[in-house]
Peer 1: 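First the structure, which I've put down as structure tokens, then a few questions once you've had a look.
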Amino acid sequence: MNKIESQIPTSIGIIMDGNRRYARSKGLPTLEGHHSGYQKLREVLKWAKEAGVKEMIVYAFSTENWNRTAEEVSYLMGLFRESIHVLTKEAIRDDVRIIFLGDRTRLEAGLQKVMNDAERETVKCSSFKFGIPDLIIRTSGEVRLSNFLPWQSVYSELVFTKTLWPEFSKEELLSILKNYSERERRLGK
Ligand code: FPP
């Protein structure tokens, strides 16, 4: 892939929305949409890194998501536990640092341990940093931020796409990055 040389956002935030709608549209069990969403996350991490982005922050679980059915919450927690394990191995291989934001005290002890291990094992990796996302992308057609990084996002450029998260493509990411590079960022000036 060619790097987009002009103006690459240092940081992108992604609200990965539309997993269940994707599963329904494919006739799959609804919760399997989250698994497809996780696979997409692995792909997008790779594409963003290749394009020159330095940091990616994703919205995996909001406080409001605790109100979903016990079955779905439990499915998601199991998926997080498994996937963080895999993502940690990949992060060590690719020199990516993993940091979890937000309150983790309500999560079960086993999941908290996997998260702490991921942070500890990748602490020396690369230049990944907690920053102020220059660009926030929300998939699936919802046009709001839903509590995602409320103060860090004050001057972020926003992109809302109708694409369901598991169908998000490399072409669309590159087109969003190109669109970003053409925007005039005045940062309140
Ligand atoms: C929103 O789609 C998505 C979520 C609430 C969960 C997102 C989680 C993943 C993609 C798994 C990622 C794994 C890690 C380790 C970060 P939705 O369920 O609201 O879909 P809908 O809008 O179609 O109902």
Side-chain angles (χ1 to χ4, degrees), residues 11-49 53 55-94 96-104 106-122 125 128 130 133 136-150 158-170 172-173:
S11 181
I12 57 177
I14 306 189
I15 303 177
M16 310 177 289
D17 203 1
N19 292 345
R20 297 180 301 183
R21 274 170 284 171
Y22 166 81
R24 283 187 211 111
S25 78
K26 297 285 175 201
L28 298 168
T30 310
L31 298 187
E32 273 186 29
H34 293 310
H35 195 267
S36 308
Y38 153 61
Q39 296 295 5
K40 182 57 62 177
L41 170 61
R42 290 172 69 203
E43 286 186 292
V44 175
L45 269 169
K46 180 167 162 277
W47 302 335
K49 204 167 172 242
V53 172
E55 176 184 30
M56 199 168 119
I57 302 175
V58 295
Y59 206 7
F61 195 80
S62 70
T63 310
E64 292 72 28
N65 289 150
W66 285 111
N67 298 322
R68 295 196 174 186
T69 63
E71 186 198 6
E72 182 166 358
V73 171
S74 154
Y75 180 94
L76 278 168
M77 295 301 147
L79 176 63
F80 291 148
R81 206 165 146 161
E82 234 176 80
S83 57
I84 291 167
H85 199 66
V86 175
L87 288 170
T88 304
K89 283 196 191 145
E90 292 177 347
I92 293 167
R93 181 194 68 200
D94 299 338
V96 168
R97 182 169 177 191
I98 298 179
I99 297 172
F100 296 97
L101 307 175
D103 178 17
R104 61 187 87 167
R106 267 181 86 178
L107 303 174
E108 57 141 46
L111 178 54
Q112 289 191 40
K113 179 175 180 325
V114 173
M115 293 165 78
N116 294 337
D117 289 348
E119 289 182 327
R120 201 189 56 251
E121 288 168 21
T122 64
C125 294
F128 186 97
F130 173 71
I136 294 179
I137 302 167
R138 181 170 190 156
T139 59
S140 95
E142 309 297 337
V143 186
R144 68 185 95 85
L145 291 179
S146 309
N147 252 338
F148 181 60
L149 302 177
L158 306 177
V159 172
F160 298 96
T161 164
K162 291 207 162 100
T163 307
L164 301 176
W165 171 247
E167 292 181 324
F168 192 71
S169 68
K170 184 158 145 183
E172 186 161 16
L173 176 69

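Atoms within each ligand, like the ligands themselves, are counted from 1 in listed order. Numbers for residues simply follow the sequence, beginning at 1. Because only heavy atoms are used, hydrogens play no part in the values below, and waters and symmetry mates are left out as well, while side chains stay in.
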Peer 1: At less than 4.0 angstrom from any non-hydrogen atom of Leu41, what atoms of ligand 1 do you find?
Peer 2: 14 (C), 16 (C)
Peer 1: Less than 3.5 Å between some nitrogen or oxygen of Asp17 and one of ligand 1, yes or no?
Peer 2: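 It does: an N or O of Asp17 is found under 3.5 Å from an N or O of ligand 1.
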Peer 1: Going by the closest heavy atom to atom 7 (C) of ligand 1, which one wins out of Ala23, Ala60, Ser36?
Peer 2: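 The nearest heavy atom belongs to Ala60.
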Peer 1: Please report which non-hydrogen protein atom sits nearest to atom 15 (C) of ligand 1, along with the residue it belongs to and the distance in Å to one decimal place.
Peer 2: Ser83 OG, 3.2 Å
Peer 1: Please could you name the atoms of ligand 1 that Asn65 approaches to less than 4.0 Å, counting only its heavy atoms?
Peer 2: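 Close to Asn65: 5 (C).
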Peer 1: Quick one: nearest non-hydrogen protein atom to atom 4 (C) of ligand 1, plus distance?
Peer 2: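 Protein heavy atom with the smallest distance to atom 4 (C) of ligand 1: His34 CE1, 3.9 Å.
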Peer 1: Is there a donor-acceptor pair closer than 3.5 Å between any side-chain N or O of Lys40 and the backbone N or O of Phe168?
Peer 2: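 Here the side-chain-to-backbone pair exists.
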Peer 1: Keeping the roles fixed (side chain from Arg20, backbone from Leu31), state whether a donor-acceptor pair exists under 3.5 Å.
Peer 2: no
Peer 1: Which residue and non-hydrogen atom of the protein lie closest to atom 1 (C) of ligand 1, and at what distance in Å?
Peer 2: Met16 O, 3.3 Å
Peer 1: Take the angle between the ring planes of Phe61 and Phe80 and call it parallel below 30°, perpendicular above 60°, tilted in between.
Peer 2: perpendicular
Peer 1: Any N or O of Asn19 that comes nearer than 3.5 Å to an N or O of ligand 1?
Peer 2: yes
Peer 1: Give a yes or no on whether the backbone of Ala23 and the side-chain of Glu32 come within a donor-acceptor separation of less than 3.5 Å.
Peer 2: no
Peer 1: What about Ser140: any of its N or O atoms under 3.5 Å from an N or O on ligand 1?
Peer 2: no
Peer 1: Do the side chain of Asp117 and the main chain of Val114 share a donor and acceptor less than 3.5 angstrom apart?
Peer 2: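 Such a contact is absent between Asp117 side chain and Val114 backbone.
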Peer 1: I'd like to know whether Tyr38 forms a side-chain contact (heavy atoms from CB on, under 4.5 Å) with Leu87, so could you lay out the CA-CA distance, the side-chain angles of the two residues, the decisive distance to 0.1 Å, and finally the verdict.
Peer 2: CA-CA 10 Å; Tyr38 153 61; Leu87 288 170; 4.1 Å; yes
Peer 1: Contact between Glu142 and ligand 1, counting heavy atoms under 4.0 Å?
Peer 2: no
Peer 1: Any idea which atoms of ligand 1 are less than 4.0 Å away from a heavy-atom of Gly37?
Peer 2: 10 (C)
Peer 1: For atom 18 (O) of ligand 1, what is the closest protein heavy atom, and at what distance to 0.1 Å?
Peer 2: Arg68 NH1, 2.7 Å
Peer 1: Starting from atom 23 (O) of ligand 1, find the nearest protein heavy-atom neighbour and note its residue, name and distance.
Peer 2: Arg21 N, 2.7 Å
Peer 1: State plainly whether the residues Arg104 and Glu119 are in salt-bridge range, i.e. N to O under 4.0 Å.
Peer 2: yes
Peer 1: Please check whether Arg20 reaches ligand 1 - meaning an N/O of the residue sits under 3.5 Å from an N/O of the ligand, judged on distance alone.
Peer 2: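 N/O-N/O distance below 3.5 Å exists for this pair.
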Peer 1: Using modelled atom types only, decide if a donor and an acceptor are shared between the side chain of Tyr59 and the backbone of Ser146 within a distance under 3.5 Å.
Peer 2: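 Yes, the answer is positive, given that a donor and an acceptor are paired below the 3.5 Å cut-off.
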Peer 1: Tell me if a side-chain donor or acceptor on Thr139 pairs with a main-chain N or O of Thr161 at a distance below 3.5 Å.
Peer 2: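 Absent.
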